[in-house]
Each structure stands twice: as structure tokens, then as C-alpha cells.
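Contents: one structure, followed by commentary.
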Amino acid sequence: MSQGSGFDLRRRDVLKATGVAGVSMAGLAGCLGEEAPDELTITLSQFPDTIDPLDHITGDYFDVLDHIYEPLFDFEPGDGIFPRVVEETEILGGGVTELQLRDDVVFHNGDDMTAEDVAWTINRTVDNDIGVASDIGAFGLGSITGAEAMDDTTVEISYSGAPGLAEFEFGNYARAMNRDWSIENHDADQEGESISGADPEDFNGTGPYEVVEFTSGEEVVLERFDDYWGEEPPFERVVFNSDGESSGRVSSLETGETDVTINILPEDVNTVQNADNVEIRRVTSFRNIFLPMKNTVEPFDSQEFRQAMNYAVDNAGIVDSVLSGFGEARGQPVAPGINGFNSDIEPYEQDIGMAESLVEDSGYGGIEIELTVPQGRYLNDAAVGETAADQIDQLDNVNCEANIVDFGVVSDANSAGVDPDVIEIPFYMIGWGTITGDTDYGVQGFFSQDAETRSFDDEELSDAIAESQSIEDPDERRAQLEEVNRIAHEKAPFVFLHTQESIYGVREDIQWDPREDETVYVWGMNQ
Amino acid sequence: MREDVLRVEGLSTRFFTGEGQVNAVENVSFDVREGEVFGIVGESGSGKSVTGLSLVDLVGSPGEITDGELWYRDAELADEVREEFPDVVDGEYVDLRGVPESVRTSLRGTSLSMIFQDPESSFNPSLTVGEQIAEAVEVQQRASSRPRSTRARTDGEEYSLGSLVLSFALPSRRYVSEESRERAIELLELVGIPDPVERADEYPHEYSGGMLQRAMIAQALAGEPDVLVADEPTTALDVTIQAQVLDLLSELQAETGMTILLITHNLGVIARMCDRVGVMYGGEIVERGTLEDVFRDNVHPYTEGLLGSVPDLESVGGSLDPVPGNVPSLLDHEMEDRCYFADRCPKAMEACLERPPDTRVEADGDHVVKCVLTDLEYGESPPLPDDHFETEGADASDGGSNESADASDKSASPDGGDSR
Amino acid sequence: MSDPVLSVEGLQKYFWEQNSLVDRLLGNDPVAVRAVDGLTFDVRRGETLGLVGESGCGKSTTGETVLGLQEPTGGRVEFEGRDVYDLSGEALDEFHREAQIVFQDPFSSLDPRKTIGKSVQQPLDVHDVGTKAEREDRVRDLLDRVGLSGSQYDRYPHEFSGGQRQRVAIARALALEPEFVVLDEPTSALDVSVQAQILNLLSDLQDELDLTYLLISHDLSVIRHICDRVAVMYLGEIVEIGDTAELFESPGHPYTEALLESVPRASLAEQDRTIDVLTGDVPSPRDPPSGCRFRTRCPEVIPPEGLDIDQKAYREVMNLRGLLENRSLSVTKLWERAGYDSPPEEPDDAAVDAFVDAAIERHLERSLPREYRVHVEDAFAAVARGNWETATLRDDFESVCERTNPDLDGTDHPVACHLPDR
Amino acid sequence: MISDRITSNLRRTFRESLLPKIGMVLLVSIVLMAVFAPLLATHDPTRTGYYDEGGNAYPPIGTEYTTQIAVDGEIQEVEVTADSAHVLGTNNVGQDVYSRFVYGARISLLVGFSATLMAMLVGVPIGLIAGYYGGRVDDALMRVADTMLAFPALVLALALIGVFGESPVYVPDPIVSLGLADGMPESIPIPGTVTIVAALVIWVWFARVARGEALSLRNEEYVKAAKSFGTTDRDVLIGHVLPNSVTPIIVLATIQVAVIILLEASLAYLGFSGTTLSWGYEIERGQDILRTRPWVSTLPGIGIVLTVIAVNLLGDWFRDALDPNLDEGQRGA
Amino acid sequence: MSIAKFLVRRTLQAVFVVWGVVTIMFGLRAVSPGDPATLMLGEGATAETIARVRAQEGLDEPIYVQYLDYVQGLLIGDFGYSWRSNREVEAMVIERIPATLELAIAATVVALVIAIPLGVVSATRRNEPADYGATLFSLLGISTPNFWLGLMLILLFGVWLGIFPTGRRPVGLVEAIWTLVAFGSAGDLLTWLQHITLPALTLGTYFTALITRLTRSGMVDELGKPYVTATRAKGLPAVLVRYKHVLRNTMIPILTVLGLQMGTLMGGAVITETVFNWPGLGLRLIDALDARDWPLMQGIIVFIAVAFVTINVFVDALYSSLDPRVNDE
């Protein structure tokens, strides 16, 4: 540890030290300085502003909340889902799958977990009349329609799409909350009510860690849950905090205040590599960055124009410069490793001449457009957007300005649908992590005509997706998804940019490989 | 004849302003006798207030006493400083300009004290009147309890920022002791403040102007000074109050035998109060002598003009006989090397184009005039034509240089703005 | 006697304090500052009427209110027989032309951003007199007339001395050839030599232009010098009006007399003149004394019938009564004097006696005949027991001067005083 | 309205003191820089992509830095050297830092001056009328002013921008449209909401000062004199009160220009200005890369400091020369 | 007017102001684009749900009813629920007060400790090097945007010299003092000091500069007043005149200015907290703005306004006790 560590006396150290009778001040000083070995601090870039496990769909939130409200399945990117709380699944047909739950799972407050809890949680996720309007429900469990407890350990989940899709969905997004506790303490089945609070007691999951300290917006401290049904997780205590600035996270890493941080910018890679005892770990994530163009308004209703935009942008160049190489240029909605990724599709290569002539063909020569770019959400997002906008602006027949805004604006724009009367921002930058590992999750919400949130209204694409959803054979389905990606490339509903890398700074002695789905699970670590 | 308590010789005080050097006081000499009231009279900008400030060494930046000697009679002081500064001691007299500043500071309040024109602005508005007077008492008591030579040094420690902070925290470290408060109340009573115990705890703004002027006098008396410089003490007051204050000063003088240097623009006040008078014009004393010398046997045309400007309360109507023109600029670069009054003087002669010396009317008398008419009759030297001083653009009736009007307004400010 | 140019009747001007919205919400009653409280006087054609008084007596407010620069609280002002406050349109214009004012402060009386020519020309512009060239010519004439030079038209005020500025202000007041000019302390900011010049100028102009002046001044010498008649003001009221010579030689009101006596004369005889100095300060116009407003300082307050004590002792009792009526006697301090650190809750007789002794010692320097002293002692005892109501001493000592406010009597030389032969 | 006396005072103070001279030189240079930005800039300030062949931003001339890049999945360390075409280097999107510095002056000054002007046009008349007439009007104004002042300027600005959006206004560049500068942007974006919001935030100060002036001026004898010969209130306000209030208002305006430049920078820094061509935004941009490319944040910061210093020095000069009584409290906003 | 009366009066004015702030905030919310129910429910809510929530939250009511409801809520201390986290706004405001208060106090302490002596020296040694130094410093101080200053401090002390940490607040002052008192361990306090140093400097510099200027010009003005000459004339030593009389009278008006500047301090705190990731009200305000969480935003701004107004009432009361003239004008 470097500067300032001498002062880095934390209250818990004091509490520990003073717990031993007769420890002198000198002795006290002697045992300080070293981080307690069984503790891990993880610094995120965003601290959860909600403690309701269903009221979000943000990576950083999962990192914290999944340790408390564990997922029902283990999801391994690229490999599929594996039993966890659910021991077995059986597709009953007719849009129903049966889950067999473990019978030894208890909540942190001591209640046994039952099938009722799981079914209620799933229903609360997908049904806006019960509890909070869940983002997970809207995006994650899109095809799930409900769940029912059959007995203490059996839950039946019903869905509208293919069982494979449903499995991907609940495999990723199903969690268990304590029904009675939630209702009694938090009115959690009242419409619009989310679980809220600022006490450790306001968390109650079945995960391997329970909350012992909570400072809203700042820090949450977890300790091993003694009655956890499964394997004892690697660290006794886990602390999550956050710092919105990459440089701040790097500083914390350097000074030993934190052990793992996420979202390190390429700029700071150098610093981390030069610092003692910490190193960079990275992986190409499932997150693609792209610029949706809503085709119900001009000029994006023209396929030529949309393609022109793709030709105008040098996405490979952006990866090299703005991302310092930490990414890969992409030409389809999903990243490699995703079920249905079409490896035959190459990114659009920058071709100004082609772009300009396509613009002319589209009839929109001389148009002025604005690209709305979020800031602070994705790897160098504002810079990427600004560069892309400027590259479009360099076309002789298009003027493009970047408007840099807060992520919320973009997020709203994205879910605003395609009604031309409603659309205020038709051209924006957003990223999508296909964390289910299945193309469907990467395209359905954007292209399916059933999706309120779609950004592109095209029957052919929508039908192709719908078709894939009803195919049960995995290989056939994959082929159909590859076709979906091909069509998407051709119709250019987005300006495809790149797949970004997840860059982490990690203490060297922690054994952990970053995951493509951007989650950080302490149980996947080892000292 | 009583002895001089103060002899001023060749005093010059200048202000170095953005507009140029202002010769506020120009080579002024006079003496003040023990127990008398010496009056200095003049219009605004004549340098009378600066003269007063110079005596008490209170001329602040950008002003500076540039020349002159201030002989002050104090046998004790003379003994103390004789060894160190033999040059500035003459018998019982000490030239205050020659001793270190710390000594001059130590004389303030005890030997020379001063009261000012505007009592309302001369008190710190945020402290009670009692405390401010007690402060003066305290300082004088502390000063007199120590040999003068050590005062300057210990003052620094006693009044450091640190002890100030302490004084806010610890009541025992307050500057003002109970005794000095008692004394302050006595002083207030002495100057005729009704209910002095209660009034001591009031703030300046709760006093009327007249009461406040009394309080200021009380404050000035705290150190039982030998000489009290009273700078326009009644100008800001109504006439009934003015009469009260003048009465008070007379009474106090009779009781304590102190000497008063009374500075005013009001000839009535001079006539009422003074034994001897100096008339100031353009930074100079143009005529000085006894009341009779100045009011009856005056020689200088300015003195005459001044007296002629005052409307008479006793008789009605008639035209006044004022001095024409305006008060001159005191800016060095605008002052010509001549009698400063010549441009307004109805009797200006060619002889007036040189600086007139101080001339005694009678060889051994006190009546000193700065005018050639002391020795000459009007007409002996060729009179100047009417338009001699008319510069371009100047108007006939006011005569003065227009360009300088602004400057003379300005130069009034170091003088205490005694135009009201 | 000529007809009045201006005739003032019962003029009142109060300023209101504590009059904001917040005060209303707090239920604070507005406090009236009675700057001018019921003035009646005439200014006769061609004369100079002097309005004299000490600062704060309301003389300047009178000047401004008469001209309509301040809204009057009550009363009428007639100019040439027409009520000034009812004027509008043409007639108001006419009034604005006929009545002018010259102020005290030569530094504030001219707009520093305007050349003096423009300042003098402004009234002409407002009333659209003549052509532009004619106006300019007129301004140059006026400047010449007041002893400046027409060539100074384009100069700014700061280039002039106080006296010169006052000349400009006079020129401006004369621009519309008015009938009547209010001179509000026109020379009090000036040095004595310059003051004399201005006074001479004003006299000359009056003779030449048949002007009527209302001269407001605190300087009795100035008043005496140029006024035909004088009105003496005290605390918002006129206490005496009369012919200048007569008033100065035989003042009717004790205040006038004291005022005159207080002025030091610039003559050798001054030192031998003995003065009976007026004691005390002018009371606040927020809460003027009842009855005759001068009674708190008057050396000749009329004791009630049968009360046989000398004037000074009576004055002391009066002062004490003031304290008792306002309940401003400092009880705590008196208890301290009586040897009590804090006022006892229920004082016993011994305590009351000690209090009374302390109070007598404190507030009665002159010995009072026994029979009257008892009343005072009773009053103090009442105060010691907290009974302020019974401690006013009113029944025993109340003077006619505090009961009724004397009006100006209807003589040629009216005086507002209860004393006979005044 | 500006009398000889004022100019002579200004001249004298200017002569006597060094600071106004520094301020004047600074401000004139910055104004010239802003006006002639298209001629002084070496590159289009919005043009991205000025990188070395490895895709790295250039450091300022005379410096170099090392950075890590990923090439085919491997992290490599590369040395980046300066390029003579980019004197002050380029930023993380490969824009020319010097050119952006030059253009940034435009935004700062335009917002600073136009918002102040607007605030003045709103605040001064209201203040003058309230102060001149007093009474209920005045009471109301003072309560409104108190309320406005109870919002921290920045917070109020944030709230207002939250409501009204950022709406940049594109203003054509005269120099470019005259064809004097090639390859420069044809229009520059002025943060519209920010300007209006800044004016809304500070108009109260103008109203307060104008009110104070009117309050004291209405008792000036020349005002009374003017009324005595029948000048209408309107003419008194325009003819006497306004001209004589000009000095403190000018002094206040100068101070407020500085305040607004800082406010605009803060809003841009927080990402609420609606344009990226702003010194404040540039500092934000550089914050992430402070360790490796500190020049990106440092230079625009110096730009702001110098501009604000220049304006403040002139403000001090005006105040010293014109109105020693105006206090620093006005610096609030 | 007595102090009590003065306070009542001043408090009444303050109530007006707070009401004004509340009304303006409510007005802004009413005119702000976007449907509150949609914002409240987040992405993906169905039109049906939105309609129900609108009815439930009274958003269908006429605007004046909503306004009255809101004001009524505020009166009983109910600031509503955060749209984002569904927590009580009061709680979310209150838990952030200590951090901001620490920062504001630390900055004020920095400012006062440095500025007053500097201003005094500057005023009493006019046109000497010390004065030039102080003038230059204060000029720089009022001209430097604090976010940039913060970054430069981070660069210098955090990155290059590595003396101070560059963000976060691992421990609160109260907690740190408690540790010190309860366990005799100064470690937490030192950690706190380390972490607050740069933010406090960042926030405090502007105020240091401002107060230095105010003190200097105030002292210079005050030194020119007649009572100073009069006080010297009665024999008081220069030091006593300078500190007891002049400095005291200088500070009285500065106090008022400082009260008014509390707004700027709060604005500065928003920025400083952002730069240093200091978990105070400012940071929460920015979060609320980002999330367009109106109840939270309103709650924070109303709280800031109340705090500002309260401080100013307090300052005025202090002023009136220090300057006896205020009470009876």
C-alpha cells in the first residue's frame, strides 16, 4: 500500500482491536496498516440508487444486489445456465416450464424460501400491478407471462415465446424475494411500490452475503451469510462503493483503498499497470455500442441514408483512437460469443465517397441532423459519439452536430418507441449488453413490432425475430438468429460501432477472470 | 503675561494626492499661551483643521508634516528626552517633531487632546459611549503608570491581536476595567450628561448630537490634557446646543485651567470664546493677535472682508460687504508665488506679487500680519488693474480660476470638510 | 399690507414608519413622524418670509410640501388663490412655472451628468418655452444675470465651486420667471464670504424681478439680514410670526428669545454678553410632548395654580414626570443604588423606602418644599411596587403648558404661548 | 451618459496603477482572439481525429507521453510525440486543443456579455421604478429579489436547464461567411438556455443596485428641483435617475460578466451547457484523462482564469475610479 | 425595535422567501416537459399503469389542488417520495447534510483563518509587497473556477505528489471524533482530515479570496473614517484601534455579505462534491437532476433555500447584536 495507508484506520479495525482487552495503543498501531485479509472492496462506477432487486436493469446494480438476492441459476456466458437455487427444470410444453427448487434455502431473516416466494417474485417482475414497474420485467423477462407455485419446491413459469428464449430469460433474471417480508415491511405488492430504505434490514435475499452496513448512495458492506445453503464464498466481508470517475477508481486501487474496480478507461490502464500489486484484467464484453436511427422519421426512413451513415463512420478507427484499441469494430447488433452471432458479417468500412453518394440517392443531401450522445455510461461514450458525429459531419452533404446529454435522456429516447409524433430524439448513441448470451435479447426490444420500446419499425426484421422465437431446435434457431443479424446489418437500423472491452483493475493476488456479461461475482473469485 | 505652552514655528503640512501636492498648511507660526483660548478662524480649505491635526500628530496618509517645529512645554518630558535627543530640547520645551513617534503617541490624550467637528462620526458606532470613554481613561492610566520610555514597547504586547482574541473570551482580560468605567461615568457627569450611569451603556446613535459632543469632550478630558484642540466643536450643532457646548467648554477651562485651541469658521464663536485669534487663508495664518487686534484693528484685507461678510444680528438689512471670488486652490502647482489673497484683494498692488512676510504691527506686540499693508498704505505700490488675475474663461464676478474650483473642493476634504 | 401670494392653512405632513406589509402582518401600527403639524401662514407679495428653526423642526419639509414635492397629510395651500393640491393640467403647469425652489446643497442641486446650461435650460424645455435658440439665449442671459458667464454653458457642475453652483441653481429657479421662490437654506453650505455674495445676489434679484421669497434657514443672522417677516418653527409648529425687526427686538415666545440669545455675535462685545442657555434636547417628532411642544425645555413653564416652587425645581419635577409617564425610569439601576442586585419580587416597606431614597437622591437635586416632596416620594414608592399608573404625579404638578397646545393668537405678531403678555 | 469627469477619473486611475493595464491588455487580447478565432485557429475546432498513426492524441509541442494501447488483444506501451501542426496537442477525440482554446473564448465572452446585457435590460428598469416610487412596488420587488437570492445561482440554473433543456443556438460566423477563413465551422453554437438562465439568475443584482440608486437619487435636490418645475416622473427617471445610476451599474455589470463566465463554465463542466465548444466542457473532458493528458484540462482552465481575471481587473478599475462604494457583496450571483 | 421583534419580523420575511422558493420550484415542475407518472414509473410502464398512478398520485387534479397538496405536505415535513428510490425525501436530504456541512464549515474555516489576517495585513500595509501578494492571491482566487482548481489540486497533490486522496469520504467527522473519544484513536480523524483537505481548499479558495478583498477594502474604508482619527486622538495605540475598533466594524458588514454568499457556497459545494465524489447534498442534487427525480430535487433545493434563509436570519440577528444601530432606525 502506498501513501496515506498509515492513516487508513477504519472503524472496524478499531472495533476489533479494542475488543481485545488490554491492547495498548502501541499494540493497536502495530496491527493496523494491513488490510484485513478476509475483506474485499469493490469500487463500482455507479452506486445503486434503489435497493429493490427488481427495480433496475443496470450492470453495477446487479454486481451489488446479486450477492444478496442471488440468481436462481448460474449463468455462464457462452455456456448457458446451470442449476443453483433451481435444481432442475423441465419444459412442460404449452408455454410452461417447471422449476424444481432446493429445499434448504433460507432468507437472511431466517425464513425458509418457498416456491411461493419465487413465483411471487417472478409475477412481481412481470406484472406492473404488483409492486414496482420493473425494468427487469420490461427488458429481461420479456416473454415471461407469469409463474405459479405448485408445491413448496415447484414453480411453473409460463411464457409466450419459445422455451429456449424463456430459459435464457429466467436463467438470467429470475430472483427470489421473501414475499411475506416484502409485503409486510414494504407494501411490495402495491402497485408502484418499490422496496426502499436505508437500513441493512431493508435487504432480505437468499444470497451468500447479507448486508451489515448500508450508507445510502455511498457504501454497502456485506458479510457471509452463515446459513447460506451453498458453498462458503471466498471473502468474509465484501464492501461495495462507487466512484463516477475512472481516475478516482484508479486512485483508490493505487492506494489500496479498493481491491477491484470496474470500467477503467484506456487512459488509466497505464497507471494501473505501473502501480504495485494491481493489474489490468479485461475481456471483450457482450456489450455493443451503436447509433439507433428511428426509421419512422426523416431522413432515417431511407435505407440508403442509414447505410450512408454506416459508411461515413470509421468504427475501426474509433476503436483504435478513442478506445485505444480496447474494443472491436462491429457490423451487427450482437457481439461474438452470443448465440446467433453471424461471423460472416464484416463491419461497414468507412467509405466517404460511397456514403456521400448514398446520401444523394436517399434524396436527403444537405440535411442537418443531430446525434444525441450520453456521457459517462460507456467506455469513452461522449468521445465516441462526438467523433462519430464529426465523421458524419465531414460528409459534404450532411451536417451533423453532437449533443452530449445525460444518460437518462438517451435512455428515455430509446424507450420512447417509434411514433413519429412522440419522437424527439431519433438519432442517438446507446449500448446494449446482450447479457443473456442470446441474440434475441439483443434484437427483440429494438426491432420486434410487438415491443413498445422498439427503435426500428420493419416488418421483415420483426417477422424474422418472431420466427426465431418459435423455433425450438437450438441449431435451427441459431441459424435463424444469424439471419436476423444479417438482415439487421443490411437494413442498417443502427450505425454499428463496436463491441467494447470491459477493463477491470484488480489486486494481483485475486484470482478472477472477468466475465463477458460484465457482472462481478465474488463467488467467482479466489485469493 | 502667561507663558507659551505651545510654540509653532514654520509648520508646513502637505498632502500628496493624485491631483498633485496640496499645500494644506504653509509655513504657519503661532504660539499658544497657557490657559488661554486661542482661536483659528478661516473658511473651508484654509488649512485650519489640518493645522489642528498636525499639532496632535494625526495627519494621516497621504498627508505629511514636511517642515516646521512644534515646541511643547513639558519639563518632565524635556528631562526624559534631553539625553537622547539634545537637539530637540530647549529648556522646558521639546520639539515634538524631533522626538520618536512613540513619544508623540504617548502625549496624545494626556498632554494634547482633540475633539472633532462631527460627534456622530467621531465615535465608533458599535461600542457604547461609556466603553469608549473608559478606554481612553484606561489607556491614560496605563500610560501614566509606566515610564514613558517603556511605553512604546509594552504597548505592542498589551494590545496584540492575541490579547484581543483573549479579551473576547475572558472577561478578566477586557480592556476596560471597572475603575475606568466608573471614571468614565464621572466624566460624563462632569460634562453634564443627565443619567450618566444609564447613558454610559448607550450607543452613540442613541445620543443626540449635543450630548455626543459633550461625551466627546468627556473623552478628551480623560487624560486631563494640557491642551485641548477643538476642531469646529459646534459646527454640526444647532445654535441652542452650540451655546450649551460653548458654555461647557468655558466652564471646563475655568475648572481645569487647560489651554484650548479652538478651530472654527464661525466668527461669533471666536468672539465669544477666544483670547487671541489667528486668521487662516490659503494655508497660511494671515493675521493673528488679540481679539481686539483682529476684530477692531485688523490690517489684512481678508480679515476685513471676512468680518464684512457676516450679516449682523443686531441690525437689519443693508448690503453685505463680502470678499469677492472663491477660496483658492491649495494645489502646489496652481499656487503662484505671491500673496495668495492678491487675486481677491480689493487693495491688491504690485507689491503683492511677492510673498509678503509675517510683519508685526507693533515691534513688541502680538499682532502679526502677513500683508504689505502693514507697512504700506494702499496706493504706495501701484494698484493692480481689475483684470490682472483674469485667466482665460474665468468670469468676472467670481474671479477665481474655474479649473481650480474642483481642486479646492477636493482639498477641503483633508481639512475635515468644514463647510457645514 | 399686500395680498398673499401663498397662503398656508393647517398644513400637516407626517412620515410613516413601520408601514410595510410585514408590519401589517405583525399588527404593528404605523408610527407617525410629525414633521409638519398644522402650519398656518401667508407669504405676501413681494416680501421675504423667513422660516427659521433648528434642524428637524420641519422647515425644509414645509418648503417642499408647499410646492407639492411632498404629499401633504392635511391642510391646504393656496397659491394665487387656488388650492395647489387640486391643480391639474394647465393650472398645474402654471403653478410649476410660477413657484420655484433653490436648495441647500450646491453639490446635490445640479445633475452632475448635465452641463450647467442644460440644467438651467431644463425648465424651459419642460414647459416648451420658445425655440431652441431662444432658450439657449435665455440661459446665457440668466447665467450672466446670476454672475456667471454665458460662455460657461457647456461646463459641468464639478468644474464649479459651491458658490458658483448655487448661482446656477438660482438661475435655474429663475428661468421661468417665477413669482415665488422657496429658498431652502440657500447659503448654509457655503463659506461666509460666499454666503454674503449669494445673499446680495438674492436681494438684488428680488428687487429687480419683484420676487416673493420663502426663505428657510437655521441662521438667524441671515434671516435677520434679508427677511421682512419671520416665522419661528419648533417641532413642526410655528411658535411665532412677526415682522423681522419687531420679532428680533422683542421676541414673544420663550423659544424665540432663547434662540436669539444663543447666537454668538461676531463682535468684541460678545464675551461680556451673558446667555441663559436653553437646556436639554429637542424631543423626537415621533412622540412630541403633549400640550406646548416647547414645554420640556421652556425656562418659563407655568406651574399649576397655587404651586409655589421655583422654576428650576419645577423643571426637575417636570423632567421626572416625563420619565414616569413614559415609564422610562430605570428601575433596575435605582434598585442597585438602593442596594439590591436585582429588583425584589415583592418589596417590603424597608426596601421601598430605600428605593425612594435612592430615587430622590438620584432625581431631585433641588430641594422641594416638604409638601410637594411627599407627592414625589409616593410616586416613587408606587413605582417600587410596580404601580406605574398611580405614579404619574399628574394631579399634583400638571401644567397648563402640557394640557393644551397654545394656538397662535390673532394679533399682528402672533405668538403661541400660554404666558400672558406674549 | 459618460461624462468627462468619469473618463478623466478612469484615465487617471489607469495611468496610476499597473493592474488595469494588465487587465486591459488581457481582455483586449482575449476579445481579439474571440473575434478573429477563425483566423487564429489552425484547425477546425470541431474536427476530430487528429491522432498519430497509432490513434493517439498529440501532446503539446515539446512534450511526449507514454500510453498503453491494445493491439490485437495485447496491451502495448507506446511513446507519443508532439506534432508541429498541433501546438498545444490534441484531446481525446483528436481535436486541436489550441483551436478549441481560441474558439472557447467566444463562448465565454458571448455568454458573459449577452447574459449580463439581458439581465441589465430587465433588472435596471425594474429596480429604478421600484426604488423611485417605493411603497408596495418596492416591497414586492425586494421580496422577489430575496427569493431569487435564496437559490444558489448554480442550483437555480441547473433546475431551469433541467426544465427548459439546453437548446444551443447556432450563430453564423461572420468571418467565415465572408470567406476569410477556410475550413472553419460556419456557425458556432451559443448555449442559449444557459445565457437566458444566467440572465434570469443575476437580474436581481441589477434590480437591487438600480433600486438603491433610485432610492437615493430621488432625494437628490436636482431631482426635486426638476419635479418642482413640472418634469414628469418618466422624464425624471430617464433624464436624471438613469444617467446617474449608470456608474454603479457599469461596475456591477463588469463584476457580473466575470460571475457569468464562471457560471457558464461550471454548467458546461457539469454537462448542462448544450455545446461542447466551451472551456468548461473541455475541462470536464480532460478530467478523465487528467493523469495521462493533463493539458486537455489545464489549458482551458487557464483560459477561464485569464478571462475572468481580465474582467475582474477592469471591474476593479471601474470601481476604484467610479464608485468606491459598491461592495464586493455583489459578486454573489 | 427589540431584538425579538426584529427576529419575528425577519422570520416572517424568511417565510415569504421560502414560500416563494417552494412556489417557483412547483411551477418549474409543472411546466417541465415529460409526464411525472412516466418519470416516476420509469421505462417500460404501460399506459394503463401510468394512468392509474396518475390518479393515485393526484396528478389528474387541477394544478392548484396539486400545489396545495404539496405545500400542505411540506408544512408537516412531508417532502414526498423519491421517484427513483422510493425513499422519503426528508431522509435522503438529512442523511447527506453532515457531509455538506463538514465541507462548508471546513471551507469557511479555511477562508476565515487565511482571509482575515491577510486582509488586515493587506489593508494596513497598503502598497507594500504583502499587499500586492494578497491582492494577487485574491484576484486569482475569485477568478478561478473551483472545478478546475479542484482538478489541478488533484493533479498536483493527488497524482503527482500523492499527498492527499482525491475523492470520497470514508468516514464522517462525527464518527471520527467518536472514535477519538471512545477509543483514543486519532486514525479516523486523520483520515477525515486527509480526505477533506482538497475539497475544503477547493471550495474555500473563492471565499478566502473574497473575504480577503472584503476585509481589505472594508478596513481601508473604515480606517478612513473620522472615528479612527478620534480614537487615535484619545491616545489609543494603533494596534488596539486597528483590531478592536476597525477590524470589528469591518467584519460587521462582511458578515452580511457572507450570509448572502451562502448561496454561492452551496453552488460551489455542488461542484466540489462532484469533483471529489464527496457524498453531500450537492452530489445528490446532481444525481436527482440526472434522474429527473423531481421530488428529491425539489426537496434538496427547498432545503437549501430554507438553510440559506435561516442562516441569513441568523446573520441578521448577529448583525443586529453587533451593530447597535440596526435595531432602532
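Sequence lines set the chain letters: A, B, ... in the order given, protein chains first and strands last, and positions in each chain run from 1. This one's a predicted model, so the numbers in the text were calculated from it and none came from an experiment. All heavy atoms count here, side chains included; hydrogens, waters and symmetry mates do not.
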Within 6.0 Å of CZ in F314(E), more than 12 heavy atoms from elsewhere: no
Nearest 0.5 Å, what's the OG1-CG distance between T229(E) and L53(B)? 7.0 Å
Side-chain contact, heavy-atom cut-off 4.5 Å: L127(B) with R248(E)? yes
Any non-hydrogen side-chain atom of E135(B) less than 4.5 Å from a side-chain atom of H245(E)? yes
About how many Å separate CG of L236(E) and CD of E138(B), when rounded to the nearest 0.5 Å? 10.0 Å
Between P125(B), P225(B), A136(B), A220(B), which residue shows the highest count of heavy-atom pairs closer than 4.5 Å to chain E? P125(B)
For the atom pair NZ (K234(E)) and CD1 (I133(B)), what is the distance rounded to the nearest 0.5 Å? 8.0 Å
When every non-hydrogen atom of F116(B) is compared with those of A230(E), the smallest separation belongs to CE1-CA, 3.3 Å
Checking Q132(B) against chain E: side chain, backbone, both or neither under 4.5 Å from a heavy atom? both
Closest heavy-atom contact between M114(B) and A233(E)? CB-CB, 4.1 Å
Min side-chain heavy-atom separation I252(E)-S126(B) under 4.5 Å: yes
Within this structure, what is the CZ-CG distance for the pair R232(E) and D57(B), rounded to the nearest 0.5 Å? 7.5 Å
Chain E contact via F123(B) - side chain, backbone, both or neither, heavy atoms under 4.5 Å: backbone
